Chemist: 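I have a structure I would like to understand better, so I am pasting it below and will then ask my questions one at a time.
Here the structure is a predicted model, which means the values were calculated and not measured.
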Amino acid sequence: MSANEIRKGSINWVGLAPVIYTIGLFVIWEAAVWIFNIRPVILPAPSAIVEALIKYWPAIQRNSIQTLFTTTLGFGLAVVGGLALGLLVGWSRVIYAGLYPLMIGFNAIPKVAVVPILVIWFGIGTIPAILTAFLIAFFPIVVNVATGLATIEPETEDVLRALGAKKMDIMIKVGIPRSMPYFFGSLKVAITLAFVGSVISETVAANTGLGYMMSAAQSQFNVPLVWAGLIMLAIEGIVMYALMAWLEKRMTGWAHRSQLGNV
C-alpha cells in the first residue's frame, strides 16, 4: 500500500502535526505556569497573552502592519540587490575573490551597531527599519546565488565551450537555472532574518512597529503585551516563510526528487 493510499484511508497526521504540536505547546505552557505559580512578570500564561491580544488589538494590528510593511520592503530590496550582486560575484573569480572578504566582514558586524549610523543619516522612523531588514537579509541571498553559479561542473563548461558556447551562454543557459534552487532556498532564510532586522531597528530608533510597541510595553512592565507582540511576529514569520517555501516548490520543483515528498 502506497503512502498516498494510507493518507486517503486514515488521518493525515503529517498535515495535522503542526496544529497538534502547537496546541500541545500552549497547553503545557499554561499548565506549567499554573502548577509552578509563575508570576506574569516572569512568564505570562497563554490565556493572559490572549487577553492582551484582545485588549490591545487595535495597537497590535497597527504596529503589526507597519512591521510587515518595513520587513517586506527591505526584503524585496534584498532580493533584487542580492540576486544582482550574486550573479556578478558568481560570474568572475576575480570579483568573487575581491568582494567576498568584504561581504563577510560587513556581515560580521552586528546590525544593531549599524542602526545608530542609519539614524544619523535618515533620522528616526521607517527608513532605518527598511534598510536594516535589507542589510541583514542581503548576505544569504548573495552567497547562495554566487554558490549556485560557482559550482557548475568543469566538465559541463568544457563540453559547452567545445560546442562553441561563450561564457554568457553558459551563464544564461546553465549557471542561472542551476543557481535558482539556491536562490529560492535562500529566500526562506532571508525573510526570517528581515523580520529580525526590522524589529531591531524599531526597538532602537522608531516610533511605530512591533519592536517599538514591545519596547514601550517592557518599560511599563506589561509583559503579556510583550509576548503578544512576539506571537504576532511569529505568525507573520511563519506566513512569510510558508509563502517563500511555496514559491520555492513552485519555481524549482524540478530540482527536487519526487521521492522526498513521501518521506
Side-chain angles (χ1 to χ4, degrees), residues 59-90 95-96 98-147 179 182-219 226 229-230 232-244 247:
I60 293 174
Q61 182 183 39
R62 182 176 65 254
N63 289 289
S64 296
I65 293 173
Q66 175 65 22
T67 297
L68 183 61
F69 168 75
T70 56
T71 301
T72 303
L73 189 53
F75 173 72
L77 294 174
V79 169
V80 175
L83 180 59
L85 185 59
L87 293 175
L88 180 64
V89 171
I95 297 176
Y96 183 94
L99 289 182
Y100 205 73
L102 296 176
M103 291 189 298
I104 292 176
F106 180 78
N107 189 62
I109 300 174
K111 299 306 177 285
V112 67
V114 180
V115 174
I117 299 176
L118 297 177
V119 172
I120 293 174
W121 291 349
F122 302 102
I124 294 176
T126 302
I127 295 179
I130 294 174
L131 293 179
T132 308
F134 161 76
L135 292 174
I136 201 170
F138 178 74
F139 186 76
I141 298 175
V142 174
V143 170
N144 279 272
V145 173
T147 300
S179 66
Y182 293 86
F183 168 65
F184 284 101
S186 70
L187 297 185
K188 296 185 295 185
V189 177
I191 187 59
T192 55
L193 292 177
F195 276 103
V196 174
S198 294
V199 174
I200 288 175
S201 183
E202 290 172 352
T203 302
V204 176
N207 48 20
T208 185
L210 287 175
Y212 169 79
M213 185 193 75
M214 289 188 294
S215 179
Q218 182 183 12
S219 65
V226 175
L230 291 175
M232 291 304 301
L233 277 174
I235 292 173
E236 290 184 348
I238 291 172
V239 170
M240 294 302 293
Y241 182 94
L243 177 60
M244 295 305 110
L247 283 175

Chemist: Closer than 3.5 angstrom, by distance alone: can the side chain of Ser215 be matched with the main-chain N or O of Gly211 as a donor-acceptor pair?
Modeler: no
Chemist: Are the side chains of Ile141 and Phe183 in touch, meaning some heavy atoms are under 4.5 Å apart?
Modeler: yes
Chemist: Measure the spacing between CD1 of Ile238 and CD1 of Ile191 and express it to the nearest 0.5 Å.
Modeler: 13.0 Å
Chemist: Return the minimal non-hydrogen interatomic distance between Leu193 and Pro140, and the atom names on each side.
Modeler: CD1-CG, 3.6 Å
Chemist: If we only count heavy atoms from C-beta on, is the Trp121 to Ile127 side-chain gap below 4.5 Å?
Modeler: no
Chemist: So how far is it from Phe69 CZ to Ser64 OG, rounded to the nearest 0.5 Å?
Modeler: 15.0 Å
Chemist: Could you tell me which residues satisfy side-chain hydrogen bond (donor to acceptor under 3.5 Å, both in side chains) with Thr71, sequence neighbours excluded, listed by chain and number?
Modeler: Ser198
Chemist: Counting neighbours of CD on Gln218 that are heavy atoms of other residues, nucleotides or ligands and sit closer than 6.0 Å, is the number greater than 12?
Modeler: no
Chemist: Applying side chain to side chain donor-acceptor pair (under 3.5 Å) as the test, list every pair that has at least one member in residues 124-136; sequence neighbours left out.
Modeler: Gln66-Thr126
Chemist: What is the minimum heavy-atom distance between Ala137 and Ala190, and which atoms define it?
Modeler: CB-O, 3.4 Å
Chemist: Distance from Ser186 atom OG to Leu83 atom CG, nearest 0.5 Å?
Modeler: 9.0 Å
Chemist: From Ile136 CD1 over to Thr192 OG1, what is the distance, rounded to the nearest 0.5 angstrom?
Modeler: 9.0 Å
Chemist: When you compare the side chain of Ser201 with that of Leu118, does any pair of heavy atoms fall below 4.5 Å?
Modeler: no
Chemist: Keeping to residues at least two apart or across chains, list the salt bridge (charged side-chain N to carboxylate O under 4.0 Å, His left out) pairs with something in residues 182-207.
Modeler: Lys188-Glu248
Chemist: What pairs of residues pass the side chain to side chain donor-acceptor pair (under 3.5 Å) test when at least one of them lies in residues 107-116, not counting sequence neighbours?
Modeler: none
Chemist: Can you give me the closest heavy-atom contact between Gly229 and Leu210, atom names plus distance?
Modeler: O-CD1, 4.1 Å
Chemist: Are the side chains of Thr203 and Met214 in contact, using a 4.5 Å heavy-atom criterion?
Modeler: no
Chemist: To check you understand the geometry: which heavy-atom pair defines the closest contact between Ala206 and Tyr212, and what is its length?
Modeler: O-CD1, 3.0 Å
Chemist: Which heavy-atom pair separates Leu68 from Phe195 by the least distance, and what is that distance?
Modeler: CD1-CZ, 4.1 Å
Chemist: Side chains of Phe75 and Leu187: does their closest heavy-atom pair fall under 4.5 Å?
Modeler: yes
Chemist: Go through the structure and list residues passing ring-ring contact (aromatic ring centres under 6.0 Å, His included) with Tyr100, not counting sequence neighbours.
Modeler: Tyr96
Chemist: Which is it for Leu85 and Leu99 under the side-chain contact (heavy atoms from CB on, under 4.5 Å) test, yes or no, and what are the steps along the way?
Modeler: CA-CA 10 Å; Leu85 185 59; Leu99 289 182; 4.0 Å; yes
Chemist: Restricting to non-hydrogen atoms, name the atom on Val115 and the atom on Ala205 that form the minimum distance, rounded to 0.1 Å.
Modeler: CG1-CB, 4.1 Å
Chemist: Within this structure, what is the CD1-CD1 distance for the pair Ile117 and Ile109, rounded to the nearest 0.5 Å?
Modeler: 8.0 Å
Chemist: Could you check whether any side-chain heavy atom of Thr67 comes within less than 4.5 Å of a side-chain heavy atom of Met232, counting everything from C-beta outward?
Modeler: no
Chemist: Can you tell me how far the CD1 atom of Ile124 sits from the OG1 atom of Thr208, to the nearest 0.5 Å?
Modeler: 13.0 Å
Chemist: With sequence neighbours left out, which residue pairs that include part of residues 123-145 fulfil the ring-ring contact (aromatic ring centres under 6.0 Å, His included) condition?
Modeler: Phe134-Phe138
